[in-house]
Amino acid sequence: MIAAAISTLVVAAVAHGAFHRNSPIFGRVLGRLPTRDRMIALTFDDGPNPIATPRILETLRAENVPATFFLVGRHVERWPAIARQIAADGHAIGNHTYSHHKLHFSSPSFVRMDLTRSTGAITAAIGKRPRYFRAPHGYRNPWVSHIARQLGQITIGWTLGVWDTDRPGADVIARRVRSGVRPGTILLLHDGDGYDATGDRTQTADALPRILSDLRNSGYEFVGLAT
Ligand SMILES: [Zn+2]
């Protein structure tokens, strides 16, 4: 009876660790900013992308807003100049794996190979190593964050995702941010597609000017992850 209860707890804990992006069970993760002030950190995953990323960079530049970009190594090899532009604009860079493979069932050797390969691709493109790591879909296992840390990367989760990858329309994306944001939010948006290097993320690019003005009107300040 007790053994069954304990094993249920263990299974629940392992599932939480594997599938919940901010779970501390498989290593420390920053899932929100440690503040009660109206501060928000923008993050963009799955780029670089030839259409959406340059448009997003233009908006951020015009509004003087910092962000963190979690790059897919395979896409960086295809679009190195865009990766370089992200870094040249002063944004922080994170490693989002080479293949965008879900890692929760991956062996330590696969995880090490994939993360090392993307770290190499990013470093070759931008001339410096990524500081952060985010797992595809937030899925991890006991060695994912450990290996990222050995590569010098802090694991980052997120507070609010708005399913912009479903392409519900720019209005809906902006509205979901407006209604979901809280002080200290790490916002997840997508400038790319984890699997398709030319995937369509124009709705996110279209929504961004509105997202920034809505948040500014609500008194939010845009900050980096700074951890
Ligand atoms: Zn992703």
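Indexing begins at 1, ligand by ligand and atom by atom, following the structure's order. Residues take their numbers from the sequence shown, with the count starting at 1. Keep in mind that the numbers below use all heavy atoms, side chains included, and drop hydrogens, waters and symmetry copies.
At a threshold of 2.8 Å, the Zn ion (ligand 1) has no backbone or side-chain N, O or S atom of His137 nearer than that distance. Look at Asp45 and the Zn ion (ligand 1): no N/O/S atom of the residue is under 2.8 Å from the metal. Within the coordination shell of the Zn ion (ligand 1), defined by N, O or S atoms under 2.8 Å, His100 is present.
With hydrogens and angles left out, the side-chain atoms of Gln153 and Thr119 include a donor and acceptor closer than 3.5 Å. Looking only at atom types and distance, the side chain of Asp114 has no donor-acceptor partner in the side chain of His101 under 3.5 Å away.
For Asp214 and Arg178, the salt-bridge test passes: some basic side-chain N is under 4.0 Å from an acidic carboxylate O.
Residues passing the ring pair (Phe, Tyr, Trp, His ring centres under 6.0 Å) test with Phe19 are His104, Tyr139, sequence neighbours excluded.
In Asp46, the N, O or S atom that comes nearest to the Zn ion (ligand 1) is OD1.
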